[in-house]
Structures are given as C-alpha cells and as structure tokens.
Amino acid sequence: MAVSFEKKNILIIGIVVAFTIIIVRLFHIQIIDEEYRINADNNALKYETRYPARGRILDRNNVVLVGNKITYDIMVTPIEVEKFDTLAFCNIFSLDTSFVKEKFREFKLYKKKIGYRTLVFLKQVPSEQYNIFVEKELNFRGFTGTPRTTRTYPNNIGGNLFGYVSEVDADYLKNNPIYKSGDYAGHTGMEEAYEDLLRGEKGYSIYLRDAQNKIQGKYGHGEHDKIAVAGTDVISTIDEQLQSYGELLMKNKVGSLVAIEPSTGEILAMISSPGVETSKLAEINKYYSEIINDPYKPMFNRTVMSPQPPGSVFKLINALIGLQEGVVTTDTRYPCHQGYTAGKVKVGCHNHPSPLNFYQSIMMSCNSYYCYLFRSILDNPKYDNIDQSFTKWREYVESFGFGKKLGSDIPSEQAGFIPSSETYNKLYRKGGWKSLTVISLAIGQGEIGTTPLHLANFAATIANRGYYYTPHMIKETENHPINSKFKEKHYTLIDTTYFSEIIKGMYMAVQGGAGSGATAINAFVPGLEICGKTGTAQNPHGDNHSVFICFAPKDNPKIAVVAYIENGGYGATWAVPIASLIVEKYLNKEITPERVWLEQKMFNSDLLYKVNQKKYRKK
Amino acid sequence: MNKSIYRKLDWPLIISYIILIVFGWLNIYAALHTESDKVFDFSTKYGMHLIWMGTSLIIAALILFVFPAKLYNVFAWWFYVIVTLSLFAVIFIGTEINGSHSWFAIGPFRFQPVEFSKISTSLALAALMGKYGYKFKYLKDITRAFLTIGIPMLLIVLEKETGSALVYVGFLLVFYREGMSGWVLILGILTIIIFIITLVISPYVSISVLLALIIITLGILSKKKFFYALIFVAVMTALHYFPHLLEMPNIASKNPFSAEIWITIFSVPIAIFFLIRSIIKKTTYFRNTLLCFLCGVGLIFSVEFLFENILKDYQRARIENLLGIKEDLQGVGYNVHQSKIAIGSGGLLGKGYLNGTQTRFNFVPEQSTDFIFCTIGEEWGFIGSVAILMLYMFILIRILKLAEKSKDDFVRIYGYCVVSCILMHIIINVCMTIGLMPVIGIPLPFLSYGGSSLWAFTILLFIFIRLDLERWR
C-alpha cells in the first residue's frame with residue numbers, strides 16, 4: 001500500500017505542476033504581456049493580402065515580351081458600408097444598378113457569416129476608373145481598391161507561346177494546395193512552364209481597427225507584416241525581332257516555324273499558326289470561349305503537340321544510316337523511272353534525270369533512290385532477319401531524338417512515333433512483313449510521326465555534324481541557372497564524317513541554280529550558304545503539307561530552322577521561302593532587294609481557306 | 001435499496017459539476033448570442049444546450065438512483081465491445097464533419113461514439129486490471145492492458161480524430177498507478193523534448209543534450225562519479241567548440257558531413273562497445289541507459305523523416321506555427337492568434353459578462369466548442385480563469401482521493417481512468433487556446449457546447465460517484 005500511496009501523490013503533484021504551468025502562461029498573457037491586450041478601443045484586426053508583381057518575360061536581348069500593368073480589384077467590407085449613391089457608383093464603373101443591389105441583398109442574407117470580413121466586389125477595373133473612384137472614395141465608405149498586376153504584351157507577339165495568366169479554379173487548387181482562391185497562376189506556354197519563378201510570394205499587412213471600424217494603424221508596428229516578394233523576371237532565348245518577323249510570315253497559314261541556335265539548343269523563335277492575338281490574351285476571361293471554339297485551335301501549340309509524317313526530309317536520316325551501315329557510298333547510283341516499282345508496289349516520283357548519285361538524290365529529292373537505299377538497309381545480310389535490322393534502324397533514328405520527348409521546357413511536348421518491329425509484327429504477324437511492306441518509311445511517310453520541334457532539332461543536329469542540345473526556351477542567367485540537362489551534348493549513332501556528305505547534298509539543293517533540278521532554289525541568298533532539304537508530306541485529307549529544314553551558314557552555322565506549312569503543297573512553294581526568309585533576316589538583318597517580292601508574297605498569302613474545315617470540326 | 005448510503009453522496013463533486021455546467025452554459029450563451037436573440041429560443045444552439053443540460057441531469061439521476069452499481073462491472077466488457085464496434089462502423093457508415101470521420105447523424109442529431117468510448121474503455125480497463133490476480137508485471141497482463149486501450153485508439157486515429165486518440169495516452173497514468181514503471185513516463189517526456197529541440201534548434205544541440213543526459217545518468221549510477229564528472233566537462237567543452245572547428249575555411253571545404261553526423265560517428269560505436277560490455281557483465285542499468293542513448297540518436301535522425309512524411313500537411317503546419325518555426329498569422333496561425341488576443345485582453349478582472357468584444361464579434365472560430373476557454377479568459381479575466389482551473393483541479397484531486405479510499409480495485413482503477421480522461425482534455429484544450437500546444441480539436445469537459453460531450457462526461461463522472469457510494473455498504 002505504501003508504494004501506491006506514493007504514486008498517488010506523485011500523480012497529484014504532476015497535476016498541480018501541469019496546472020501551474022498553465023496558470024503561469026495565463027499570467028503572462030493576461031497580465032504581463034501587452035501584445036495581446038487589445039482594449040475596447042481597438043478590438044479588431046484587419047488582414048490585407050499584398051499581391052506581388054509577377055515576373056516579366058524578356059527576350060534574349062532583354063526586350064520585354066510580357067510585362068505587367070496595374071489594375072485594381074475593388075474590395076468591400078459590408079459591415080462598414082454606409083448609405084451611398086448607387087447610381088454615381090455604377091457610373092464610375094459602368095455597372096448596372098441591379099448588379100449592386102443584388103450583391104447587397106446577398107451580403108444582408110449572409111451577414112453573420114461574413115462578419116467583419118472584406119470581400120472582392122469588382123475584379124480588375126482599369127486604372128482610369130480606379131482614379132475617379134479614389135477621388136470620390138469618401139462617399140463610398142466600406143469600399144477600397146487593392147492593386148493587382150495583369151499582363152501586357154508590348155510587342156504584340158507570342159500568342160500561344162507565352163500562355164496566359166488567370167485566376168485559379170477549383171481543380172487547380174486541388175492539385176496545388178499552396179495556392180488560395182483569388183490567386184493568379186500561369187496556364188500553358190511559358191507562363192505555365194516558369195510559374196515557380198514568375199509568381200513571387202504573397203505578403204500581408206495587419207491593421208488595427210477601432211470600435212468605429214476606422215483603421216487605427218498597423219498591428220504591432222508592422223512587425224508581423226509579411227512583405228510580398230516580386231516574381232523573378234524570366235529571360236527567354238527568343239529573339240523578339242525574329243519572332244515578330246516569323247509571325248508575319250506565318251500569318252494566315254496553318255503550321256509551324258521553329259528556329260534554333262545549334263551551338264546551344266536555344267530556341268530563337270517558335271511560331272505556331274494560327275496563334276492567339278495577344279490583346280485577347282490580356283483579357284482571357286472575356287475571350288476564352290471564343291478562343292476555345294475557334295476551329296483552327298489557336299491555343300494548340302503545333303510545334304510540339306502535332307506529330308505528323310515528316311515527308312522527304314526524313315530521307316536524310318536514311319541517307320546517314322545507309323552510309324553508316326556501309327550499304328551505300330557517295331558514288332552509289334540508283335535509277336528512277338518516274339518512281340520505283342517492285343512487284344505490286346509503286347512509289348511515284350517527280351520528273352528528274354536518272355540515274356542519280358548520292359548527292360543528287362538529296363538535291364533533287366528522288367523517292368526511288370531512297371526506296372533502294374532503305375531496302376538495302378533492312379535487307380542487309382549482316383542481320384539474321386528483318387526484326388533485327390529494323391530494330392537497329394530504329395535505334396539510329398531514336399538517337400536523333402525522334403520517337404520520344406526531347407525533354408524541352410515547353411509544356412505538352414509530344415513524343416511522336418517511330419514504329420518498331422513489334423508494330424509490324426502486330427499488324428502483319430511475325431515474319432509476315434518485309435522491307436517492301438514498309439517502304440513508305442524510306443521517304444518519311446507511313447507509320448511515323450514527328451513534331452516540328454523534332455525536325456528543328458534534327459536540322460540543328462546536322463548543323464552540328466552529329467550532336468544536339470535539348471532545345472529550351474529559357475536562357476541561363478544568374479537569377480535562374482538552367483537545368484544541367486540543357487547543357488549536355490546528345491550524340492547520334494552516326495559517325496560525324498558522314499554528316500559532311502549529306503550537307504554537300506543539302507548545299508546543292510539550295511545553291512544548284514535554276515534548271516539543275518534542285519528543289520530548294522527559292523532559298524538561295526547570295527553569301528549565306530544555306531543548306532536545306534525539302535519535303536512534301538502526303539495528306540489524305542487535302543493538299544500535301546509543305547516542309548523544309550535548313551541551316552546557315554554551312555560552316556559555323558548560327559541558325560537551324562524548320563518550316564511546316566499544312567496544306568501548302570510542294571515543299572518548295574511555301575516552306576522553302578518562309579524558312580529562308582527567316583534565316584536571311586536573322587543573319588543579314590534585312591532582305592536583299594531581289595527577294596523582297598518573295599517576302600511580300602509570303603506576308604500577303606492566305607492559305608486558311610485550304611485547310612479542310614471538316615477535319616477540325618470532327619475533332 | 002439502502003437509502004442510508006445516499007446520505008453519503010459526495011456532494012462536493014455533485015455541486016462542482018452543477019457549477020461547471022451552469023457556468024458553461026453562461027459562456028456558451030455569451031459566445032453565441034446576437035443582439036436580437038431570446039434566451040430560451042430552442043432553435044438556437046444555446047437553447048439546445050439547455051436541453052442537453054436537462055437530459056444530462058436526468059441521466060445523472062438515473063445513474064445515481066436507478067441503475068445498480070454492480071451493473072458496471074458485470075457489463076463492462078459488453079459495453080466495450082459494442083462501443084468499439086461502433087467506432088469501427090462509423091468509419092464506413094458515418095458522416096464526415098470538419099475533416100473527421102467520426103459522427104453518426106440521425107436526423108438533426110449528431111453524436112460521436114468517440115466520446116462514449118472513453119467511458120467504455122475506462123470500465124473495461126477497470127474490469128481487466130481490477131480482477132483478482134492481475135498484476136502489471138506479467139507479460140500477459142501488460143499486453144491485455146495495452147490492447148484494451150490500443151484497439152480503440154487505432155480506430156480513433158483511422159477516424160481522423162487525432163485529438164481523442166491523444167487523450168488515450170492519458171491512460172498511461174492509470175498504468176503507472178497500477179504498477180507500470182515511472183520510467184515510461186519520463187522517457188515519454190524526454191522523447192517529446194528531444195523532438196522539439198531537434199525541430200526548433202538543431203539536431204546538433206539535440207545530440208549534445210542527449211549526450212549530456214546520458215553522461216549524467218551514467219555518473220549517477222556508477223561509483224566513479226568523479227571520473228564521469230571529468231568526462232562530462234571534457235565532452236561538453238568539445239561539443240561547444242566542435243562546430244567552430246568545422247567552420248574553419250580549410251576544413252569546411254573538405255568536410256563531407258555535418259556536425260551531428262560526426263558526433264554520431266564517434267559516439268555510437270563507443271556506445272555499442274559499452275553496451276555489449278554491459279550485457280556481458282549484466283549491469284542492467286548501464287545497459288538500459290546506453291540503449292536509451294542509441295534509441296535517442298535514432299529518434300533524432302528520424303525526426304525529419306517523421307515530420308515530413310508521416311504528419312499531414314495541416315498537422316505539420318500547426319506544429320510549425322506552435323514552435324515558432326513559421327509564422328502565418330493569416331492562415332494556420334489565425335485561430336490561436338485570435339484566441340490569445342481574446343484571452344489576453346481579459347486582463348486581471350475580465351471585461352465583464354457579455355462584454356467581451358472578441359467574443360461578441362466572432363473573432364475566434366469555434367468559440368462555443370473547442371475555444372470556449374477564450375470566452376472565459378476574455379470576460380472573466382485572470383481571476384475567473386484561475387478560479388475555473390482551481391475548480392477542475394479540486395474535482396480531479398478529490399476523485400483521486402476517493403478512489404484510493406475504495407476497497408474495490410475496480411472502483412479505484414475506474415476513478416483513475418476518469419481523472420486521466422478529464423485531465424488530458426483540460427490540458428490539451430486549454431494549452432491549445434494559450435498557444436502551448438498545437439491546435440487539436442477536443443472539447444473542454446462540462447463547459448464546451450455539445451450533446452455527446454456533455455452526456456459522455458456526465459456519465460463518466462456519475463458512474464464514479466455512484467461506485468464510490470458502495471464503500472459505505
């Protein structure tokens with residue numbers, strides 16, 4: 001009994017100690033510490049959120065691409081509102097009196113629940129209206145304005161490249177719990193990709209309110225306030241002048257135009273047309289349904305989201321693989337009789353001399369040459385069966401970044417598609433297909449999908465003679481160092497010497513001169529040594545797509561470009577001039593007088609009518 | 001029925017109870033009323049609470065005068081099984097209110113089985129440990145005791161009612177009285193202290209404190225006290241200067257580990273060596289101390305992991321707010337900040353009944369339930385707050401004393417259970433309102449608004465009062 005007696009006493013002592021600690025703390029809070037003593041004179045705290053300025057987006061030369069302007073939210077504290085001239089109020093903000101009356105009816109209904117809180121009454125009123133309001137603020141007790149920043153687009157370019165900023169919705173809040181209702185966040189494009197850098201940190205100020213509900217000053221001398229931290233400006237790799245020019249060239253056409261700096265992988269310009277007018281981006285809420293319902297899908301970033309067959313530009317890869325595998329040399333010649341025939345299969349080709357050697361096949365884009373070449377790759381006796389040779393072929397292709405996401409910082413990047421031997425084993429059963437079955441791959445048609453970004457990257461890889469840097473939109477600066485993955489060289493499986501051979505062919509394709517059969521003579525600019533390859537991608541729903549990749553100058557290239565114009569017909573007609581103009585603009589800063597007519601033609605032509613409306617509506 | 005024993009009814013406890021519930025109602029009215037409301041309006045919450053009070057008195061009377069005392073011991077396990085099953089059922093067929101999945105809703109009435117589980121677990125524990133031949137020494141008996149509180153505790157955690165689960169930790173006090181070593185409680189408190197130091201100051205300080213404690217303990221246990229005193233001074237000096245050493249330029253650049261990892265690398269092998277030695281030599285106290293040290297080191301390093309990965313976001317945020325790691329007066333810290341303001345502004349004498357401005361204008365959320373102490377603090381001031389706390393203390397100590405007087409182990413153990421439940425509720429609730437504990441939502445006994453809460457505490461208390469009477473037979 002003695003032991004348990006002692007334990008009881010220990011427990012009693014424990015209880016007394018616990019209560020004493022509580023009482024001491026109460027003594028501290030209630031008697032000693034002044035901080036918690038709010039007497040009847042100032043009995044309320046008012047919290048005001050301080051929103052930070054969002055980081056701007058600048059181009060590679062610090063030109064502002066996306067900036068901020070201040071608008072105001074009009075806030076109301078219903079319990080403070082006294083009788084006011086509703087009509088005058090509505091006149092300032094161009095409102096209907098019924099709107100105001102309805103709101104106040106709601107406030108009265110939920111009076112207890114609202115209590116002393118401050119609510120948003122009007123969002124984003126322009127500064128002109130706000131300035132008038134401020135002058136008359138004394139007449140509208142209970143209303144205040146709080147500044148918010150919204151986006152401006154000083155150069156009126158970029159559209160879907162930048163994305164837009166709008167208030168977060170319920171879904172977003174669920175997935176991103178650090179945001180609160182009323183916050184803004186970036187959606188799509190760069191605004192989304194760099195949201196973390198751009199958004200900054202919210203702050204708050206705490207004010208003391210007295211019995212008459214007037215603000216009495218800061219709580220705790222502002223010691224508990226949290227300062228808003230402005231977002232970091234993001235410097236992108238985009239060249240504003242080049243982007244602007246590219247958008248003019250692509251106006252009224254459907255497709256993509258991408259320019260990359262091969263030595264770094266930096267994206268100089270990225271145009272997906274049709275795009276969104278930036279004036280509409282700034283007021284996205286107003287125009288949202290219009291944009292969403294536009295059959296040309298302006299918010300859809302075709303450069304990364306639209307995998308299509310590449311067409312003849314893909315011949316270059318087969319050419320490289322052929323050289324690497326040793327099944328073809330630069331002297332190899334193949335015939336072309338208006339195309340290639342084998343058994344029941346016929347692949348057509350345009351009119352040109354025959355036979356052609358390696359370089360000429362590139363210059364004139366001969367389909368037949370590549371049918372022979374492709375079949376020799378797959379039928380190479382070095383391999384036991386087509387599964388093996390095809391898998392090896394696929395390995396080569398993938399090493400250029402095709403068939404997978406490149407890993408850029410562009411949102412919604414698609415991987416595209418490169419078939420594997422499984423693909424055909426499923427379609428035809430194992431052993432049920434041969435090189436002739438998949439011959440369309442020779443010329444970049446069939447079961448193959450590449451995005452314009454893949455093709456631009458391909459152009460850059462060739463320019464570099466065998467490696468690429470992952471394309472990216474953000475430039476490395478002190479404020480935002482870039483991910484090391486953007487500084488890694490990705491080597492292809494092709495020996496670097498073979499690249500010079502196809503470059504010779506690409507050089508001839510542009511410089512060959514009229515009458516030579518070269519397909520890209522419209523890209524010729526004296527002194528620039530542009531090298532390129534045309535493509536005409538078949539389109540079962542309408543006119544073929546016009547494709548061209550190029551880079552310049554031939555040695556020490558500074559820019560690599562892809563132009564992919566949907567329903568543009570032959571590569572030479574639209575893609576070649578557009579790509580070459582943007583190269584010329586970048587390297588020479590202005591277009592030579594002889595080519596100005598071409599430039600004007602590109603600016604003024606309208607291909608939208610050609611796009612099959614039905615194709616889009618079905619989707 | 002022996003009417004004679006009713007002359008021995010413990011009136012101090014009953015009167016204290018009545019004072020509390022009346023005072024509770026006054027404060028609930030103060031917290032909830034608006035200008036135009038009438039006092040007896042039963043559509044209001046405080047009107048409803050009058051009904052709860054009335055029915056509680058009826059239940060109290062039933063327990064005192066109608067139900068036989070033997071009922072509780074005989075049916076203890078039945079109650080326990082039924083209530084525990086309902087704890088289980090409510091997870092699946094219950095309604096979720098305020099993030100916790102612990103309510104049954106039948107029409108307009110809502111109640112939580114959790115509140116009643118405290119009663120049934122107390123009765124079951126008393127039945128288990130009060131049985132002849134039970135000793136809190138045999139493994140079988142210890143296990144049964146822990147299971148009895150463990151099963152409901154687990155279910156309560158699954159219901160997301162972490163507050164009530166925490167109350168169950170109070171049952172350790174009952175175990176202590178019934179034979180558990182006090183070391184369990186001491187180690188528990190030390191664990192919490194280490195946890196706090198690691199989070200608020202740094203793991204390095206934590207390890208230093210741990211080493212200090214271990215060396216002191218070993219010194220007390222050993223005969224070579226002077227030797228250990230020397231070691232203590234040496235080690236503490238070294239620990240003090242060690243971080244400075246690591247910061248020196250030529251060392252800092254080559255240093256791969258942080259300070260606390262170096263200390264661990266040195267001390268743990270030494271500890272293990274001595275641990276093995278003490279196992280061989282069978283010096284149990286040394287062995288236990290060294291084991292505690294190793295566990296402590298493990299705890300320090302797992303604090304970060306536990307804190308980031310086991311706790312939910314809002315729980316982590318509340319603890320960060322409490323420990324002053326992060327201040328967010330607009331978000332997580334809002335409730336407690338308002339609460340402290342309300343209580344603090346009461347001053348010595350309070351603002352007077354119905355004159356509390358923070359109370360009147362609804363600045364403190366949940367003011368009639370979890371934060372009812374704010375109303376007391378603001379309107380009745382320091383004097384009033386202390387008076388209520390004294391009343392609580394009186395009730396608790398009186399129950400302890402009465403429990404010890406009983407010859408029936410069942411009654412004594414049940415009494416201790418009642419004390420531990422009420423004590424934990426008071427400590428957690430009041431400390432939360434004054435910023436000594438993170439925000440955990442549990443009611444203040446007899447004072448918070450709520451039918452289930454009031455009924456449960458009434459039943460809890462009055463079963464004891466009735467059982468206490470039996471010693472006069």
Side-chain angles (χ1 to χ4, degrees), chain A residues 1 3-12 14-16 18-45 47-49 79 111-117 177-178 180 202-206 209 211 213 219-220 223-226, chain B residues 34 173-174 176-180 182 185 313 327-331 333-334 337-348 350-351 355-358 360-363 373 377-378 381-383 385-386 389-390 392-393 396-397 400-401 403-404 412 416 419-420 423 426-427 430-431 434-436:
Chain A
M1 274 324 264
V3 173
S4 43
F5 184 76
E6 215 185 66
K7 287 203 173 188
K8 177 199 92 186
N9 285 346
I10 291 182
L11 283 176
I12 293 182
I15 294 177
V16 172
F19 275 72
T20 310
I21 295 177
I22 294 178
I23 292 176
V24 165
R25 174 79 169 174
L26 276 177
F27 188 72
H28 180 81
I29 295 182
Q30 290 180 306
I31 314 273
I32 302 206
D33 194 344
E34 291 285 327
E35 182 186 342
Y36 295 108
R37 197 98 62 86
I38 299 188
N39 54 32
D41 288 343
N42 27 350
N43 59 9
L45 295 182
Y47 290 85
E48 253 180 41
T49 312
I79 206 166
K111 185 167 154 199
K112 192 89 193 283
K113 197 166 179 208
I114 295 176
Y116 273 79
R117 288 194 297 156
I178 57 168
K180 300 260 172 340
K202 284 190 298 186
Y204 52 81
S205 289
I206 314 183
R209 210 209 293 265
N213 303 317
Y219 172 65
E223 263 166 33
H224 297 277
D225 286 1
K226 188 159 165 244
Chain B
T34 57
L173 296 175
V174 183
Y176 170 67
R177 165 60 183 83
E178 295 302 313
M180 184 178 75
L185 299 174
D313 281 343
E327 189 174 69
D328 182 4
L329 294 183
Q330 209 182 8
Y334 182 77
H337 189 62
Q338 291 300 322
S339 167
K340 287 197 269 195
I341 291 175
I343 296 176
S345 60
L348 185 68
K351 289 184 183 162
N355 285 334
T357 49
Q358 308 310 100
R360 258 174 51 207
F361 299 125
N362 297 317
F363 284 108
F373 195 73
E378 186 185 20
F382 182 71
I383 301 288
S385 313
V386 172
L389 288 173
M390 291 290 113
Y392 270 129
M393 201 157 74
L396 291 173
I397 296 181
L400 279 190
K401 289 205 163 130
E404 285 295 341
R412 181 188 71 242
Y416 271 83
V419 166
S420 79
L423 178 69
I426 296 172
I427 291 183
V430 175
C431 284
I434 56 181
L436 284 180

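- For the pair Phe19(A) and Met390(B), the minimum side-chain heavy-atom distance is 4.5 Å or more.
- A 4.5 Å side-chain heavy-atom check between Phe27(A) and Val386(B) finds every atom pair outside the cut-off.
- Interface remark: Leu396(B) contributes side-chain atoms only to the contact with chain A (heavy atom separation under 4.5 Å).
- Proximity to chain A (any heavy atom under 4.5 Å) is restricted, for Ile397(B), to the side chain, taken from C-beta onward.
- Atom-to-atom distance recorded for Lys7(A):NZ and Glu404(B):CD is 11.5 Å, nearest 0.5 angstrom.
- Put simply, the side chain of Leu423(B) does not reach to within 4.5 Å of the side chain of Tyr392(B), judged on heavy atoms.
- Interface check for chain A: of the options Val419(B), Leu400(B), Ile427(B), the most heavy-atom pairs under 4.5 Å are formed by Leu400(B).
- Comparing His28(A), Arg25(A), Lys226(A) by how many heavy-atom pairs each has under 4.5 Å with chain B, the most go to Arg25(A).
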